[in-house]
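These notes concern the structure reproduced below.
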Amino acid sequence: MRYSPAEIEPKWQAVWDADAALYAAEPHETGKPKYYCIEMLPYPSGKLHMGHVRNYAIGDALARHMWMRGYNVLHPMGWDAFGLPAENAALKNNTPPREWTLANIAAMRQQMRRMGLSYDWATEVTTCLPEYYRWNQWFFLKMYEQGLAYRKNSKVNWCPECATVLANEQVVNGCCWRHEDTIVEQRDLTQWFLRITRYADELLQGLDKLEGWPEKVRTMQRNWIGRSEGTNVDFAEAKSGAKITVFTTRVDTIYGATSVQLAPEHVVAKAFAAEDAALAEKIAELLEQQKQAREAGDVGAIEKHGVDTGRFAINPYTGEQVPIWVANYILADYGTGAIMSVPAHDERDWEFAKKYGLALKRVIVPEEVTELPDLPYVEEDKSVLVESGAYSGLSCAEAQRQMQALALEKQFGTATVTFRLKDWGVSRQRYWGTPIPMVYCACSGEEPIPVPAEQLPVLLPEQIEITQQGGSPLGRVPEFVQTTCPRCGGPARRETDTMDTFVDSSWYFYRYTDAHNSSAPFASDKANYWFPIDQYIGGVEHAILHLIYSRFWTKVMRDIPSGDGGLIRNSEPAERLFTQGMVIKDGAKMSKSKGNVVSPDDMIARYGADATRMYALFAAPPDRDLEWQEEGVAGVSRFLGKVYRLTTKYAAVRGSAEAGAGNGAGLKLLRTLHQTIAKITHDFGGRWHFNTSISAIMILVNEIAAHEAALDSGEVPPAVVAQLFRGLTQLLAPFAPFLAQELWAQTGGEGAVFRAAWPAVDEALAREDELEIPVQANGKLVTVIKVAADSDQAAVQAAALADARVAARVAGKTVAKVIVVPGKLVNLVIK
RNA sequence: GCCCGGAUGGUGAAAUCGGCAGACACAGCGGACUUAAAAUCCGCAGGCCGCAAGGCCGUGGGGGUUCAAGUCCCCCUCCGGGCACCA
């Protein structure tokens, strides 16, 4: 019988599908430790791609291993089911988004089953269904109550292709994250925002404690949050006394400020423009330049331009008047939209001042160097102030402290912290998303009225006509828009924007713990049992989208009063995060346009799910990019064929365990088995280098094949043969579950192989009794000697020196020193 | 510019704590089996010199520490990723 995954895999798939309890989590009362392992939920595009296969192969191996280690494992799967592709498909094929999405889910669920993934389908979450999204609305109302959800008019990112607003996190290099070549426009719109900035500090500080997260992700989040400590200082416009607050991180350089620079949209700049048509025109020009640079995605490349307003501002520290300029490189939405320009000590200010011939004044010098450094001198450490009144002679840090203290005392400024992170814009002018549960009524003017919680869900109407023109599609559905005001009972209209789909994925993993709760998003005790997630696995592309939003959501839920605490206890969603590398082909990310897409279906049809999954784990360590080579899959398939041939050949051999290891071949094989168990157990506990785990299994199988004659002759005791193949089968279970299950059954195993206990390492059996010790001369290999494992240093040294090749090398020279590293090597220092 | 990764045979990679560089595979070459092929099995395989024994060189480059460096330290190059006139 040849190895035939096409027969084995569907057979076991049917058995597993019929057993609902197989992958189900157990009740909390079980004495077992819990283990919550999840992979990021996919968007139901209709087909799995290789990136999914890799992601799920990693998570599945881990979940199965943890079951075998005796944990109570929660391993769920769900669907990030709202989003634009469903609407686009509707436009193209005239299929309702819901129908399209649910059909895709069914197809992908089927693919996952075919892959043999161990999900507990009883906890499946589909975010586009009302039983899920009603809780998005519920959370939205809670946030509204707490001032965390609010509406404001502002400049927002608009993708013309998506015909909707995007969050800052969804703009990549000035383009849409979904349409890499579509430049995002800036529009003024009134939109809903979630106040993620309220948690900015906690989100930042929490990163230090997330030791189980990749440093890379933590760094990306730190950069994204962009905390910057500084000082707000109020300058006064000389004529009107109008306040111009500037933000600076270097208040110590303020005696060197030679101008104030305003963003083109700054209120004061607008006020000046209103009185001066020529100036207004110039400012409009600057604004246009800035807008274009922003839309080109490279504000950094903007050529600096500015205009002198002819007005002056009074520096509150010096009483000096400095000219006020408007410049295109000053951003209205960072800091206060106004800066003080210190050309002597800032690169940008230096460049700008040189271009326009503005004054410069040196106020910081190195502490010790006698020669004055070239300008701009931006060093802050080991530097002192000069020409700065009473502050002259102070270190920069001390000057900052004293100057902040004065500003506070005289009430013209304050120490302040500025973040790059902006509030999360969640309104989307699209149909296929969660309706925002708000109502507008004449009785409250422009103030929105929340839909009462008992009226949730606000259902998304189905059977509507979808177009991309003219704003939110829901706005053209009168049955949806027209409603009754919850406050006055009169006619009112609903909010017609829907929520960003990242809302859905911000808390979905809590819902898994209580997926069918119809009175709450989940029960706190259930979430508290499973959370935090022990291991979260997904792509690094979500480092500053999903992974920052879901950290925010977790903190919000913790702060929602419930019972004697919050809704949950944990402050972070996941203890450990693993970001797997991309799957590439011919050196590039797989994409339709490049024509280098490898279909998982094809691979499974040709080599089986086991070989496909196992190759995804074998070809590279999981955190690195993986180059897909079909020959490699064929190689793994050949290997599995070898395992099948050998195991089935000896499957009927049984023997009493007390018979002992025997000697020779039997002992050697058992030793390798236990060394392999030790290695793989260790890999799961630490580095997750499954490529080396699988190579260890290959070494074991090669060793078995090399001893086939001894197995045939009966030289190896039957108990050893049985133990060997049982062990091999168990080691294979996390990586090739179908084949492992088949062989488990054939070798007499009961039930599911991945519910059998993970084999224990017999340390004594694993230990070699003879070691190969390399002998070096001055660090270069001379020979390898064999010594008994328990040899002491003197014995090893004697054996090394007794070796003929060593003697030949040493002849006529002096051995100055002998270094013996126990169990490792001998190095002779020869002169 | 700042920050985080990375660079090892023809290819994917291994070397977990400073201790035999290239495990395990893929591709290749040679052989067995076969009328032949596929499949399978056995063997060879970093580079250079050499019939061989053996020697020399070799982990992006340069320096250093050490009995010993892919691994530690300093400097540099290139590649990938993040942030960026952010005041």
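In the text below, chain A, chain B and the rest are named by the order of the sequence lines, each starting its count at 1. All of these numbers come straight from a predicted model, not from anything done at the bench.
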- Relative to its sugar, using the 90° cut-off around 0, the base of B:C17 is syn

- Mate of B:U35 where both pairing distances stay under 3.5 Å, Watson-Crick or G-U: none

- Task: Give the rounded distance in Å between these two atoms: CE of A:Met614 and C1' of B:A25.
- Result: 11 Å

- Message: Less than 4.0 angstrom from a charged side-chain N to a carboxylate O is my criterion; do A:Asp803 and A:Lys786 meet it?
- Response: no

- Message: Would you say NE2 of A:His682 has more than 12 non-hydrogen atoms from neighbouring residues, nucleotides or ligands within 6.0 angstrom?
- Response: no

- Please state the C1' separation for the pair B:G70 and B:A13 - nearest whole angstrom. 14 Å

- Message: For a quick test of reading the model: is some side-chain N or O of A:Arg687 closer than 4.0 Å to OP1 or OP2 of B:A15?
- Response: yes

- Message: For the P atoms, the ones on B:C72 and on B:C20, what distance do you get once it is rounded to whole angstrom?
- Response: 15 Å

- Could you tell me whether A:Gly335 contacts a base, only the sugar-phosphate backbone, or nothing, with contacts defined as non-hydrogen atoms closer than 4.0 Å? nothing

- Message: Considering every strand and a 4.0 Å limit on heavy-atom distances, what is the contact class for A:Arg624: base, sugar-phosphate, or nothing?
- Response: sugar-phosphate

- In the 5'-to-3' direction, what one-character label does each nucleotide of nucleotides 53-60 of chain B receive under the scheme B = base within less than 4.0 Å of a protein heavy atom, S = sugar-phosphate only, - = no such atom? -SS-S---

- Any strand, both distances under 3.5 Å, Watson-Crick or G-U wobble: B:A15 pairs with none

- Task: Go through B:A87, B:A13, B:C4 for me and flag the one nearest to the A:Ala620 side chain.
- Result: B:A13

- Specify the separation, in whole Å, of atom CD of A:Gln793 and atom C1' of B:C67. 14 Å

- Message: Under a plain distance cut-off of 3.5 Å, with no hydrogens placed, do A:Asn702 and A:Lys642 share a side-chain donor-acceptor pair?
- Response: yes

- Message: Does the structure show a Watson-Crick or G-U wobble partner for B:A21, both distances under 3.5 Å? Name it, or say none.
- Response: none

- Message: When you compare the side chains of A:Lys361 and A:Thr258, does any donor N or O come within less than 3.5 Å of an acceptor on the partner?
- Response: no

- Pick one for B:G50: is it syn, with its angle within 90° of 0, or anti? anti

- Item | B:G50 versus B:C57 - spacing of their C1' atoms, nearest Å | 15 Å

- Select one nucleotide: of B:U16, B:U11, B:A87, the one nearest the side-chain heavy atoms of A:Gln629. B:U11

- Query: If the sugar-phosphate is the primed atoms plus P, OP1 and OP2 and the base is the rest, what is the B/S/- string for nucleotides 18-23 of chain B, using protein heavy atoms under 4.0 Å?
  - Reply: -BB--B

- From NZ of A:Lys216 across to P of B:G82 the rounded distance in Å is 7 Å

- Touch check for A:Pro214, heavy atoms < 4.0 angstrom, all strands: base, sugar-phosphate only, or nothing? nothing

- Query: For B:A53, which nucleotide in any strand shown is its Watson-Crick or wobble partner with both distances under 3.5 Å?
  - Reply: none

- When rounded to the nearest Å, what value does the distance between P atoms of B:A27 and B:A39 take? 10 Å

- Just call it for A:Ile697: base, sugar-phosphate, or nothing, with non-hydrogen atoms closer than 4.0 Å on any strand. nothing

- Over 60° means perpendicular and under 30° means parallel, so classify the ring planes of A:His345 and A:Tyr377, tilted if in between. perpendicular

- Under 30°, 30 to 60°, or over 60°: which ring-plane class applies to A:Tyr329 and A:Phe352, parallel, tilted or perpendicular? tilted

- Message: In whole Å, I'd like the distance from the CG atom of A:Leu617 to the P atom of B:A13.
- Response: 14 Å

- Message: Between B:A14 and B:U8, how far apart are the two C1' atoms, rounded to whole Å?
- Response: 10 Å

- Query: Closer to the 5' end of RNA chain B via nearest nucleotide, is it A:Phe639 or A:Lys817?
  - Reply: A:Phe639

- Task: Check step by step if salt bridge (charged side-chain N to carboxylate O under 4.0 Å, His left out) holds for A:Arg218 and A:Glu215.
- Result: CA-CA 5 Å; A:Arg218 296 201 278 167; A:Glu215 189 52 46; 3.0 Å; yes

- Query: Does a side-chain N or O from A:Asn702 land closer than 4.0 Å to OP1 or OP2 of B:A25, or not?
  - Reply: yes

- In whole Å, what is the span from the CG atom of A:Asn223 to the P atom of B:G1? 17 Å

- Query: If you check every side-chain atom of A:Ile339, which of B:A87, B:C4, B:C26 has the closest atom?
  - Reply: B:A87

- Counting just side-chain N and O atoms, does A:Thr336 come under 4.0 Å of either OP1 or OP2 of B:A87? no

- Item | Stepwise salt bridge (charged side-chain N to carboxylate O under 4.0 Å, His left out) test for A:Arg687 and A:Asp623 | CA-CA 10 Å; A:Arg687 296 193 315 161; A:Asp623 52 347; over 6 Å; no

- Taking any strand in view, what nucleotide pairs with B:G1 in a Watson-Crick or G-U wobble way, both distances under 3.5 Å? B:C83

- Message: Quick check: on RNA chain B, is the nucleotide nearest A:Ser228 upstream (toward 5') of the one nearest A:Pro621, or the reverse? Name the residue that is more 5'.
- Response: A:Pro621

- Query: Atom CH2 of A:Trp350 and atom C1' of B:G1: how far apart are they, to the nearest Å?
  - Reply: 18 Å

- Query: Rounded to whole angstrom units, what separation is found between the CG atom of A:Asp683 and the C1' atom of B:U16?
  - Reply: 9 Å

- Message: Counting only heavy atoms not in A:Lys649 (residues, nucleotides, ligands), do more than 12 fall under 6.0 Å from its NZ?
- Response: yes

- Query: Contact class for A:Lys679 vs. all strands (heavy atom < 4.0 Å): base, sugar-phosphate, or nothing?
  - Reply: base

- Inter-nucleotide P distance (B:C67, B:C17), Å rounded: 23 Å

- Any donor-acceptor pair under 3.5 Å between the side chain of A:His689 and the base of B:U16? no

- Message: Looking at A:Lys355, I want to see if its NZ is surrounded by more than 12 non-hydrogen atoms of other residues, nucleotides or ligands under 6.0 Å.
- Response: yes

- Note on the structure: Here the pair of heavy atoms bringing A:Val787 nearest to A:Ala799 is CG1-CB, 4.0 Å

- Provide the distance between the two P atoms, one in B:G18 and one in B:C24, to the nearest whole Å. 24 Å

- Item | A:Arg645 CZ - B:A39 C1' separation (whole Å) | 12 Å

- Message: Can you tell me how the ring of A:Phe735 sits relative to the ring of A:Phe684, calling it parallel under 30°, perpendicular over 60° and tilted otherwise?
- Response: parallel

- In whole Å, what separates the P atom of B:G43 from that of B:A23? 15 Å

- Query: For B:G10, what is the paired nucleotide under Watson-Crick or G-U wobble rules, both distances under 3.5 Å?
  - Reply: B:C26

- Query: Does the side chain of A:Asn328 pick up a donor-acceptor pair with the side chain of A:Gln290 at under 3.5 Å?
  - Reply: no

- Are A:Arg638 and B:C26 close enough that a side-chain N or O sits under 4.0 Å from OP1 or OP2? yes

